[in-house]
Each structure stands twice: as C-alpha cells, then as structure tokens.
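Read through the structure below, which is laid out as structure tokens, and then see the notes.
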Protein chains: 2
Amino acid sequence: MEQIRAYFNNFLPLTDNEWEDFSSCFKKETYAKKEYLVRAGESCDFIAFIAEGVYRFYYLQEGEEKVTAFFFPGDFVTNYRSFLTGKPSEHFIETLKPSVIYKIHRQDLNLLYDRHKNIERLGRYIAENLYLTVAKRLDSFLHDNPENRNQELLNRNSKLLQEVPQYMLASYLGIKPETLSRIRARK
Amino acid sequence: MEQIRAYFNNFLPLTDNEWEDFSSCFKKETYAKKEYLVRAGESCDFIAFIAEGVYRFYYLQEGEEKVTAFFFPGDFVTNYRSFLTGKPSEHFIETLKPSVIYKIHRQDLNLLYDRHKNIERLGRYIAENLYLTVAKRLDSFLHDNPENRNQELLNRNSKLLQEVPQYMLASYLGIKPETLSRIRARK
DNA sequence: ATCATTTCTTGACTTTGGTCAATGAAATTC
DNA sequence: GAATTTCATTGACCAAAGTCAAGAAATGAT
C-alpha cells in the first residue's frame with residue numbers, strides 16, 4: 001500500500017487527509033496464474049495497482065491472440081479505454097503469475113476527483129503519463145524494425161520478460177514466433 | 001473563438017467567468033502555407049486550436065520525412081510530449097495550407113489549472129482524450145494491414161486529405177509512396 | 001520418472017512491401 | 001503559358017517477414 005503512495009509522490013504528494021480518503025477506496029485482491037482480471041465483452045470499471053505478478057493484455061483476432069501490453073509490479077493495470085468510455089473491453093487481461101493487486105473503481109475515483117482538487121490533478125498527471133507511454137510505443141512502431149523493438153523491450157524489463165513465453169513477446173512485437181526465433185538465432 | 005468554447009462544451013461546460021479567464025490567454029496567429037509552427041530542436045510550449053488550415057507533424061530519420069500525424073480545423077495542434085515534458089521536439093509542425101490558430105502557452109495554462117478546478121478537470125479530459133486517440137492509432141498499427149489503415153484514414157477525413165500529397169499519406173501509413181500507389185491501383 | 005502438452009526451432013517456399021529506375025502528369029514559378 | 005520542379009505511376013528485381021510443416025526441447029501433470 002505504501003508503494004502506491006510512493007508512486008503517486010512521483011507525480012504529486014498527497015496530504016495525509018487526501019491519502020486517507022484515497023487509500024480507503026482501494027480493495028486488495030489476489031489471483032492465481034492464468035486467471036482473468038477482465039474478459040472481452042466486459043466493461044473495465046477499475047484501475048488496479050500491481051503489488052505482485054505479471055499481466056498480459058491481449059485480444060482475439062480471427063482466433064489469434066494479439067498481445068498489446070504487459071503489466072508488471074508497480075504498474076497500473078486496466079483497460080484505460082474501457083475505463084474512460086465505459087464501453088466493453090475488446091481485450092482480455094490475464095495473470096501470467098500469481099498476483100496481488102489493489103483495485104479502485106471508477107465511481108469511487110470520480111468521487112475523489114470531486115472532493116479533492118489535488119487528486120483531480122493527480123488524475124490529469126496519470127492521464128498525461130499514459131499518453132506519453134502509448135505515444136512512445138507508437139513511435140517505436142513507426143520508426144524501428146522488429147529487431148530494434150525486441151532489443152528495446154528486453155532492455156526495459158528483461159528480468160520479468162524472461163519468464164514470459166516467447167510467442168507472447170513476438171505477438172507484442174507484431175511479428176510471428178518463427179520470426180522472433182530467427183532474430184534471436186542470428187545473434 | 002466561439003468554436004473553442006463549443007469544443008470544450010463537449011467535455012465540460014465552463015462558466016462565463018472561467019471562460020473569460022481562459023479565453024483571455026489565447027493569442028491569435030496566422031500562417032501562410034509551408035511555414036513552421038515548431039522546428040525540431042525547439043521546445044513546444046503551447047497548445048494551439050486550429051480555426052483554419054491543415055498541419056502535418058513529421059520528423060527526419062536518415063534524411064527521410066516520417067509523418068506522424070495530421071491536424072485539421074477543430075483539432076488542437078501541439079507536440080504534446082514536448083509540451084508536457086518541456087523537452088525539445090523531435091518533430092516539425094508545418095502548415096500545409098494558410099492557417100489561423102489560437103495559441104495558449106504552458107505557463108498560462110498552468111496558472112488556469114491553479115485558479116479553476118473546472119479547468120483542471122478539462123485538462124484531464126483533454127489528456128484522456130489524447131490518450132484514446134493515440135491508443136487507437138497504435139491499435140490500428142498492430143492489427144491492420146496498410147490497405148485497411150488507408151481505408152480507415154480516408155473514412156475519417158477524406159475531404160481534407162484529398163488536398164494532402166499522397167507521399168505524406170503513405171508516410172503516415174508507414175509505407176512507401178510506390179506501395180500506396182499500388183494499393184490504390186488495384187481497387 | 002513418464003507421458004502429454006506446450007513452446008521453440010529449423011527448413012522450404014510464398015507473399016508483401018521495399019528499392020531502383022524510367023516515364024508521365026500535375027503543380028509552381030517566372 | 002513555357003519551363004522547371006514536384007509528385008504519381010509502373011516495371012523488374014530484392015529482402016524481410018509470413019506460412020506450413022516437421023521435429024526437438026521444455027514444461028507440467030500424474
């Protein structure tokens with residue numbers, strides 16, 4: 001729980017009062033491996049802070065699993081699009097390892113926004129940050145070849161990614177498992 | 001100017017008082033064709049609302065122009081990454097037609113955020129919306145082939161895009177002009 | 001430990017988009 | 001409106017990733 005506060009402090013420190021109100025909205029949950037946090041078709045009405053575990057974010061296209069993101073301890077895991085719009089998720093969010101998370105629901109967060117200008121601002125910072133993250137990823141797609149993308153991915157999170165099956169990494173990189181295997185072979 | 005207020009009303013209506021404070025920060029500017037709003041290396045410390053004109057957002061990679069975005073009337077044009085982080089832009093923002101825009105600078109906007117909770121919230125909505133836009137574009141890159149992406153692009157903005165040179169559209173789609181030409185030929 | 005399942009690798013071949021080059025069309029400039 | 005530059009098209013060829021298929025390696029279950 002304290003790690004959440006520490007994370008927020010990177011953006012904007014909350015007073016004890018604000019934090020008390022905020023933290024009382026979090027609900028702790030635990031998951032085993034290969035469980036679903038969200039299934040396609042469901043709306044994602046929460047944001048969850050990952051204390052332990054690894055998640056993958058994927059959807060099905062013509063029977064094929066397309067991995068869009070991974071989430072690690074210290075990240076927030078959510079379908080932010082579904083969270084913001086209320087529309088059903090097209091994605092599945094699945095645990096790749098046993099996990100502990102802290103959930104906050106949309107309604108509760110909106111009430112917090114109403115009550116505390118500082119938390120409203122924190123919400124802006126978080127949205128801005130998520131923008132930067134996804135914009136950076138798009139850039140990497142526009143500009144780098146699969147080999148560079150693979151390198152960059154490994155640089156970021158090599159420890160945790162070593163436990164992730166290679167075909168999921170391939171999908172995340174937008175290539176086929178065979179191609180990723182060949183990229184690694186010629187190194 | 002009224003179109004800006006109308007645009008904001010889509011997110012959150014401002015009171016006359018809030019709007020007066022807000023609108024007094026906008027500065028009107030006009031540009032001819034092929035002028036630069038931002039050059040690579042400069043920091044982009046403003047957001048501009050486009051009343052008239054079309055902009056392209058691109059950068060140079062090994063001498064080649066890579067187009068990342070187009071902006072049209074009713075859009076906000078900025079290098080949002082540079083705006084948020086204060087870091088220099090890697091991108092150029094160039095007019096493709098004569099333009100009229102209304103600029104608001106980072107400092108002024110931050111003061112508005114401090115003064116008005118509603119405008120703070122508006123800032124969150126705008127960040128959330130930009131997130132949705134770029135996330136959607138990333139999705140299209142991950143999942144669609146160039147032909148689909150071309151179709152989707154044309155669906156969105158066909159009128160204004162007709163006046164944009166094809167090689168810029170090709171770059172935006174992440175393909176070579178020759179390939180786009182061939183896609184169009186086989187229709 | 002054994003068996004079954006899942007994941008990874010490798011090979012042969014196909015497909016798609018990129019490269020280079022030539023030509024033609026369109027738009028700008030003077 | 002003629003000349004020049006920019007932009008679009010087309011063809012021949014190339015390179016990179018995809019497809020299909022077989023088998024090896026790793027993982028998990030009993």
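We name chains A, B, ... by the order of the sequence lines, and we start the count at 1 in each one.
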- prompt: OP1 or OP2 of C/dG18 sitting under 4.0 Å from any side-chain N/O of B/Thr179?
  reply: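 For B/Thr179, the contact criterion (side-chain N or O under 4.0 Å from OP1 or OP2 of C/dG18) is met.
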- prompt: Think A/Gln166 has a side-chain N or O under 4.0 angstrom from the OP1 or OP2 of D/dA26?
  reply: no
- request: Would you indicate what B/Pro177 reaches in the nucleic acid, counting non-hydrogen atoms under 4.0 angstrom: base, sugar-phosphate, or nothing?
  value: nothing
- prompt: Using a cut-off of 4.0 Å on non-hydrogen atoms, how would the nucleic acid contact of B/Arg184 be classed: base, sugar-phosphate, or nothing?
  reply: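 The answer is nothing, as B/Arg184 stays clear of every strand by at least 4.0 Å.
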- prompt: Going from CD on A/Gln162 to CG on A/Leu169, what distance comes out if it is rounded to the nearest 0.5 angstrom?
  reply: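 It is 10.5 Å, given to the nearest 0.5 Å.
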Taking the minimum atom-to-atom distance to the side chain of [X], which one of [options] wins?
X: B/Glu178; options: C/dA12, C/dC8, C/dT19; answer: C/dT19
X: B/Lys176; options: D/dT10, C/dG18, D/dT19; answer: C/dG18
X: A/Arg186; options: D/dT10, D/dA17, C/dC8; answer: D/dA17

For [X] and [N], what is the distance between atoms [atom1] and [atom2] respectively, to the nearest whole Å?
X: A/Glu64; N: D/dG18; atom1: CD; atom2: C1'; value: 11 Å
X: B/Leu180; N: D/dT9; atom1: CG; atom2: C1'; value: 11 Å
X: A/Glu163; N: C/dT7; atom1: CD; atom2: C1'; value: 16 Å
X: B/Met168; N: D/dA8; atom1: CE; atom2: P; value: 9 Å
X: B/Leu169; N: D/dT9; atom1: CG; atom2: C1'; value: 16 Å
X: B/Ile175; N: D/dA8; atom1: CD1; atom2: C1'; value: 13 Å
X: A/Arg182; N: D/dA21; atom1: CZ; atom2: C1'; value: 12 Å
X: A/Glu62; N: D/dT19; atom1: CD; atom2: C1'; value: 15 Å

message: Consider ring-ring contact (aromatic ring centres under 6.0 Å, His included). Of B/Tyr58, B/Phe57, B/Tyr80, which one does B/His91 pass it with?
response: B/Phe57
task: Check A/Tyr55, A/Phe92, A/Tyr31 against A/Tyr36 for a ring-ring contact (aromatic ring centres under 6.0 Å, His included) and give me the one that passes.
output: A/Phe92
- line: Assign each of B/Tyr167 and A/Lys33 the nucleotide of DNA chain D bearing its closest heavy atom; nearer the 5' end lies the nucleotide of B/Tyr167
- prompt: Between the side chains of B/Arg124 and B/Tyr113, is a donor N or O closer than 3.5 angstrom to an acceptor N or O?
  reply: no
Parallel, tilted or perpendicular, as decided by the 30° and 60° cut-offs, for the rings of A/Phe26 and A/Phe22: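 Ring orientation of A/Phe22 relative to A/Phe26: parallel.
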